Amino acid sequence: MYARYFRRHALQQRISRVRVIDERILGTRKGTLIRRLTGQQFTEVRRHGKHLFAAAGTTWLHLHFGMTGDLAFYTDSAEEPRFARVVFDFESGGHLAFEDMRLFGIVDLTHDPEDYIRDHRLGLDPIDPNFNLREFRRHLRKRRGAIKPLLMSQTLVAGVGNLYADETLFRAGIHPLRPIERLTPNDVKKIYANLRRVLDEMVALKARQGEYSPRSLVMHREENDHCPRCRGEIRRAVVGGRTTYYCGRHQV
DNA sequence: CGACAAGCCTGGTAGC
DNA sequence: TGCTACCAGGCTTGTC
């Protein structure tokens, strides 16, 4: 719920200063970022998967949260996060920090979010009503190879990473290496339904800072653990270069 | 102290 | 042959 947080704390605030603490997080030149944002105010916020866009003056600030990216708003400078990479100081005295321990995120500018999404071939946002079973099927038709990397590819839906891809297949009872061409129409339907469910559930969970269900795979990402659904053994494999966990019994 | 985990982009290559 | 999709590798750093 980065967008909501950004809206609540930064909308209509005038930026008195932009501080770049670690240039490695930038996707644009430091001088450009500072020049184009200083003195402006954020007037509109949009979200697309793990990307956030905020209009300011004639440009848009673009944030990508990667794995450890987060926002922190504070008024007391002593509360500046340890891994703050870019901080926006507001005239009101507040500060909004983009923090990112692992630097997998990005901070840059774009002239239009729509263009950015198109240029980077990002798939639909999972809550976009245009993302439906039909669209999912249409996308699968031109793909080959294992199902898991497809779920993670940003050209399908923006924002599905390793954990959520595993969780989706776990619930759908599909093996992560199952070739796309060997999925029955019913398998596809199950994957789609579970992908929706997982994303909705995880977003809701984050919003209220809840905990993962003990019945979810997320809580059993360890080899030789037992499946919370069927007691089968949890297996580990590398799929698409990513560590993958699945139940050796009910995921076929 | 080295291996590992994460999201996702890049660049080289296999396939239609 | 030319495009597209696939896949390995790389970035970073706290934790085991």
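Below, chains carry the letters A, B, ... as their sequence lines are ordered, and counting in each starts from 1. Only a predicted model underlies this, so the values are computations on that prediction, with no experimental measurement involved.
- Proximity of a side-chain donor or acceptor of A/Tyr2 to a complementary backbone N or O of A/Phe65 within less than 3.5 Å is not detected.
- For the pair A/Asp70 CG and B/dA6 P, the interatomic distance rounds to 19 Å; values are reported in whole Å.
- One finds a salt bridge joining A/Arg118 and A/Asp115 here, because a Lys/Arg side-chain nitrogen approaches an Asp/Glu carboxylate oxygen to under 4.0 Å.
- In this structure, A/Tyr164 reaches neither bases nor backbone, as no heavy-atom distance under 4.0 Å exists between it and the strands shown.
- Look at A/Thr243 and you'll find a side-chain N or O under 4.0 angstrom from OP1 or OP2 of B/dA6.
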Apply ring-ring contact (aromatic ring centres under 6.0 Å, His included) to A/Phe53 and A/Phe6, showing your working.
-> CA-CA 10 Å; A/Phe53 301 91; A/Phe6 194 103; over 10 Å; no

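- Counting to the nearest Å, the P atom of B/dC4 and the CD atom of A/Glu223 are 12 Å from each other.
- Nearest nucleotide to the side chain of A/Gln154, out of B/dC8, B/dA5, B/dA6: B/dC8.
- Annotation: of the two residues near DNA chain C, A/Arg121 and A/Arg242, the 5′-most nearest-nucleotide partner is A/Arg121.
- Both A/Leu163 and A/His120 lie near DNA chain B, and the one whose nearest nucleotide falls closer to the 5' end is A/Leu163.
- A salt bridge (Lys or Arg N to Asp or Glu O under 4.0 Å) check over residues 157-170 of chain A, counting only residues at least two apart or in different chains, returns the pairs A/Lys148-A/Asp166, A/Asp166-A/Arg221, A/Glu167-A/Arg171.
- Checking the phosphate oxygens (OP1, OP2) of B/dC8, a side-chain nitrogen or oxygen of A/His64 falls inside 4.0 Å.
- Look at CE on A/Met101: it is 15 Å from P on B/dA5, rounded to the nearest Å.
- If you measure from atom CG of A/Leu122 to atom P of B/dG7, you get 16 Å, rounded to the nearest angstrom.
- Counting heavy-atom neighbours within 6.0 Å of A/Arg19 CZ, excluding the residue itself, gives a total above 12.
- When the nearest nucleotides of DNA chain B are assigned to A/Tyr245 and A/Gly159 by heavy-atom distance, the more 5′-ward of the two goes with A/Tyr245.
- Nucleotides of DNA chain C that come within less than 4.0 Å of any heavy atom of chain A span, from the 5' end to the 3' end, C/dA5 to C/dG14.
- Atoms NZ (A/Lys50) and C1' (B/dC9) sit 14 Å apart, rounded to a whole Å.
- A/Glu114 is listed as a side-chain neighbour of A/Arg46, based on a closest heavy-atom distance under 4.5 Å.
- The separation between A/Leu156 atom CG and B/dC9 atom P is 14 Å, rounded to whole Å.
- Here A/Phe73 and A/Phe88 keep their ring centres 6.0 angstrom or further from each other.
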